[in-house]
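I have placed the structure first, in the form of structure tokens, so that the comments after it can refer back to it.
As the structure lists them, so they are numbered: ligands from 1, and atoms in each ligand from 1.
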Amino acid sequence: MKVEKMEQELKEKIDFQKVPGHVAVIMDGNGRWAVERGLPRHEGHRQGVETVREVVRCANELGIKIITMFAFSTENWRRPAWEVNYLMSLPEKYFQTELPELIRENVKVNLLGDSSRLPGKVKKAVDEGTEATRNNTGMILNFALNYGGRSEILLAVNRMLQDAREGKIKGKVNEKDFNRYLYTSELPDPDLLIRTSGEKRISNFLLWQLAYSELWFTEVYWPDFSKVHLMEAVYDYQLRKRRFGKV
Ligand code: V0D
């Protein structure tokens, strides 16, 4: 079937009053996509940025309020230096091409992760991009960069211990108190997690926040992921919610 027709059919099935408010995405399979085509791995990452653009546009059209994309994990430093170097050039490239549209579309870009340990030029690019969209009030676009779920939790625990030593914490802490110490303190938990490329794991992404999220997996590699797949995921999410509501 033609893509336009599939998009149209999905658009008619989706209940625009009940789209997931926060969608998290593990963008997996860029390297494999390239290697299967006889291309160098970085071609997969380059194509992956194109997919980010299309998915951000589509999420905005669907009325998704927050989208959080796993761009680089704390474990990814173990990759070959040339690949890490290439990946580290992407935030700057991304903002060079996308910033005008992000501003026009009123999208606010945020970073989740330890940005203090990023190379200077990456931190600068990210700071400029987030600063330029700081006052935007539309969709929130989070990039998890140098992010790990367990380190996020440990960072939260250690910051909490510091506050306790300073006498700022009285008695026991609850989930709501703990939430204030996470990178996502200002955000609701994801309603839906999408992972591409056939892997069915969380891989240290948003460990605390994904506790109650719906999980949606596809065999499709990230560079081949498109509007149709995002709409399928949203539609499937709505089917699950409807079934759940009936019990
Ligand atoms: C490669 C597929 C956007 C996944 C998408 C540093 C891996 C393309 C960004 C980005 C990457 C990050 C921060 C920011 C703006 C954009 C990005 C990396 C990799 C690793 F503020 N895509 N992207 N960052 N890929």
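When V52, V55, L90 are checked for heavy-atom proximity to atom 11 (C) of ligand 1, L90 turns out nearest.
Residue Y94 has at least one heavy-atom neighbour below 4.0 Å for each of these atoms of ligand 1: 15 (C), 16 (C). Numbered from 1 in the order shown, with element, the atoms of ligand 1 that lie under 4.0 Å from a heavy atom of F72 read 20 (C). Close contacts of ligand 1 with V126, meaning ligand atoms under 4.0 Å from a residue heavy atom, involve 21 (F).
The two residues L10 and V228 have their closest heavy-atom pair at CD1-O, 3.6 Å. The heavy-atom pair separating T196 from D28 by the smallest distance is OG1-O, 2.7 Å.
For the pairing with F72, the ring-ring contact (aromatic ring centres under 6.0 Å, His included) check across F143, F205, W77 returns one residue only, W77.
Between the side chain of E152 and the backbone N or O of L206, no donor-acceptor pair lies under 3.5 Å.
The single protein non-hydrogen atom nearest to atom 3 (C) of ligand 1 is F143 CE2, 3.7 Å, given as residue, atom name and distance. Ranking protein heavy atoms by distance to atom 6 (C) of ligand 1, first place goes to L87 O, 3.4 Å. With respect to atom 17 (C) of ligand 1, the closest heavy atom belonging to the protein is A71 CB, 3.8 Å. Scanning the protein heavy atoms around atom 4 (C) of ligand 1, the nearest turns out to be N30 ND2, 3.5 Å. Distance from atom 22 (N) of ligand 1 to its nearest protein heavy atom, with residue and atom name: V49 CG2, 4.1 Å.
Contact between F95 and ligand 1 is present, with at least one heavy atom of the residue lying under 4.0 Å from the ligand.
Using a 4.5 Å cut-off between side-chain heavy atoms of Ile, Leu, Val, Met, Phe, Trp and Tyr, with links allowed through other members, I26 and L111 fall into different hydrophobic clusters.
No donor-acceptor contact under 3.5 angstrom links the side chains of Q238 and D15, judged on distance only. Remark: the Q8 side chain and the E4 side chain contain no N/O donor-acceptor pair separated by less than 3.5 Å. Checking R165 against Q162 by side-chain atom types alone, a donor-acceptor pair falls below 3.5 Å.
When non-hydrogen atoms are compared, ligand 1 lies under 4.0 Å from neither the backbone nor the side chain of V122.
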